[in-house]
Structure formats: C-alpha cells, structure tokens
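Everything on this sheet refers to the single structure shown next.
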Amino acid sequence: SFLFIAVVLRYALDKNKQIQFRDIIFLFLSALAVTLCKLPYFVLGFLVFFIPVYKIGSVKKYAVTLIALLLSAFLVSQIWPVIHHLLFPGESSGIVVASLGTPSLDSLKNSINIKGQIRFIIDNIGQYTGILMKTLFIQQRSNIINNVFGDLGWLDTPLPDVLRDLFFLVLIIVSLGLSTKDITISLLNKILAFFIILAGMVLVATAMYINSSFVGDKEISGIQGRYFIPFMPLFCLLFYNHFINDKLNLVFNGSKNQPGRLKKSEKLNPLKEGLRDDKMFNKSLTLFLIPVSVITLIWTMIILISRYYQF
C-alpha cells in the first residue's frame, strides 16, 4: 500500500513526469496487489483521482483508465473470496454462499454467521452505525492506537513506551513541519484522502464484524490497529502545509537572514540571498531523522529477535 501511494503521488505531483503506458500497467498491478492483501483496501484505488488529466492525456483516456483501474480492483475484491471458498470450503472467506433467507436472526444470536450478520447490518443500519462509531472511537480507540504504534507480531510483542512516543512525536513533526517548495496538496485532494481513510476504516471494521463477531453483537471483535496502517500515509498527508515549514525555516535560519532586516546593498548579494533561502530546518530535521531511524530499527530488531528466538 505504501508503494502504491508513493507511486500515485509521484505521478500526480512530479511536474516533469508524463505518464506512459507502462506506468498505467504498473498502477493496475500495484492496485490489484494492494486489494489482494486485504479486500477493503481496494478503496485506495480512488487515489488515482489525484492524478491530473493532462498527465495521462485526453479526458477520454483519463476516464477509461480510472474506470478500468477502479473496476478491476473492485472485481478482484469480489472474485478472490469466491476462489478462496472453492479452494478452502471449510474456511471463512467473507462471501455469502447461500441465500439470505432463513434462519431467523434470533436463532443466530451468540453465533458467527456471515449471511446472518449481513442481514443484521442491512436491517439495522442505524444501530450498526452506532456500533461502528462506538467501537472505533470509544471502546477500541486505545487498543487501535497502541497497535498502530507499537504492538508487533500477534499483538504479543509490545515496543517500549519510549519508542512509541518517539515514533509518534517524529510523525507529528514531519507531518506538520516538513514540506517541499514545489509540491502543494490541494484542499480537494485532502478531502479525497480523508474520505478514502474514512471508507477504509468503515470497510475494515465491517469486514471484521461480518467474519469475527456474533450476529447482532454490540461491539466489533477482532479489530487490530495494524489493519489501518496502510492508510497512515494519507492521514499524514492531511496535515501537509507550507506555512509551518516556512516559519520554522525562518527561525532556524536566524533573524539576520530575514529580508526585512537586510540592507539594500546586501539584497543584491547572491551569497546573502542563498543563505536567506537555505532551509536550515529541513536540513536539521533530516540530520536528526537519520540516527533516530537507525537506532529505532536496531532496537526493534533486538526486541523481535529476543522475543521469537529467546536470546
């Protein structure tokens, strides 16, 4: 998912990139691969709307490409459960293989039944919306956040609190404070990213409710924060801005380099101009992130090796 998001953003935001046929094929393959990882992830395919029309060519070619990609991802999300059911008939594959008729919902209480759960959701959409909101934002909120930032393996290998806090802090700093002069994320694209995140959360939670919870249960069972990690880059993208980055670079460059405090003669000096435009915050943050990333990875590897190899 991270690769697919990165490719789409490059195609959309790189002004010098003109999308070729091979690029479209790669988009198709990566979108299908993401969908096969977990079926609700097909909604990430809507990221292709980030790509401007002129990058692909004519409006007709653009429309055909987008519709074909989204339709392919959706079809794969529907066909794969059928294949899974045929290959492994004894396992749950998230597909209804019988009619939605009998038995009654009351007789299915305290049991996991896919078609019964789907009937419950359809017949009680308002109640299910409440269950969804309560589970995600009240009952399971802390567990989801902890899973995203530090519960590895089968949720049995927690990272130390200092690593979780450091990761969370770095994520906030990078999301809010780091930007590139030539790259701008429009409000419309941020709105699209938000709805993709929202749809992804709803679909992931609904899939777990259908496959892992008792029919009509008041809470969604089996939700893990790692299921939402594929949407994290889009979440960070919501905070992308130039304002904070410009202010931080101004502070890090020092007041002596501010335009208002330069003499007229100094403004004509290319060396002074270069110093004024130098993004010291960006460079300082990069130098900070390199050792932090190395230390974090080594520390995490030691924890994993100790956990699973008993060293």
* Could you check F231 against Y41 for ring-ring contact (aromatic ring centres under 6.0 Å, His included), going step by step and ending with a plain yes or no? => CA-CA 9 Å; F231 301 101; Y41 296 162; 5.7 Å; yes
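Interatomic distance, I25 CD1 to Q20 CD, rounded to the nearest 0.5 Å: 12.5 Å. A distance of 7.5 Å separates CG in L9 from CG in L234, rounded to the nearest 0.5 Å. Expressed to the nearest 0.5 Å, how far CE of M232 lies from CZ of F149 amounts to 4.5 Å.
Applying the side chain to side chain donor-acceptor pair (under 3.5 Å) rule to D151 yields the partners N147, R164; only residues at least two apart in sequence or on another chain are considered. Residues forming a side chain to side chain donor-acceptor pair (under 3.5 Å) with T206 (at least two apart in sequence, or on another chain): Y128.
Legend: side-chain hydrogen bond (donor to acceptor under 3.5 Å, both in side chains) pairs involving residues 21-31, not counting sequence neighbours, sorted by first then second residue: Y11-D23, K17-D23.
A single hydrophobic cluster is not seen to contain both I56 and Y54; linkage of ILVMFWY side chains at heavy-atom distances under 4.5 Å, directly or through other members, places them apart. A continuous path of hydrophobic side-chain contacts links I131 to L198 [ILVMFWY only; heavy atoms under 4.5 Å]. Hydrophobic clustering, with ILVMFWY side chains joined whenever heavy atoms are under 4.5 angstrom apart, keeps I67 apart from F4. Cluster annotation: L187 is connected to L47 through the hydrophobic network of ILVMFWY side chains, with a link wherever side-chain heavy atoms come within less than 4.5 Å. Residues I145 and I172 share a hydrophobic cluster, clusters being chains of Ile/Leu/Val/Met/Phe/Trp/Tyr side chains in contact below 4.5 Å.
Looking only at distances, no side-chain donor or acceptor of N189 sits under 3.5 Å from a matching main-chain atom of I185.
Within 6.0 Å of the CZ atom in F168, the count of heavy atoms belonging to other residues, nucleotides or ligands does not exceed 12.
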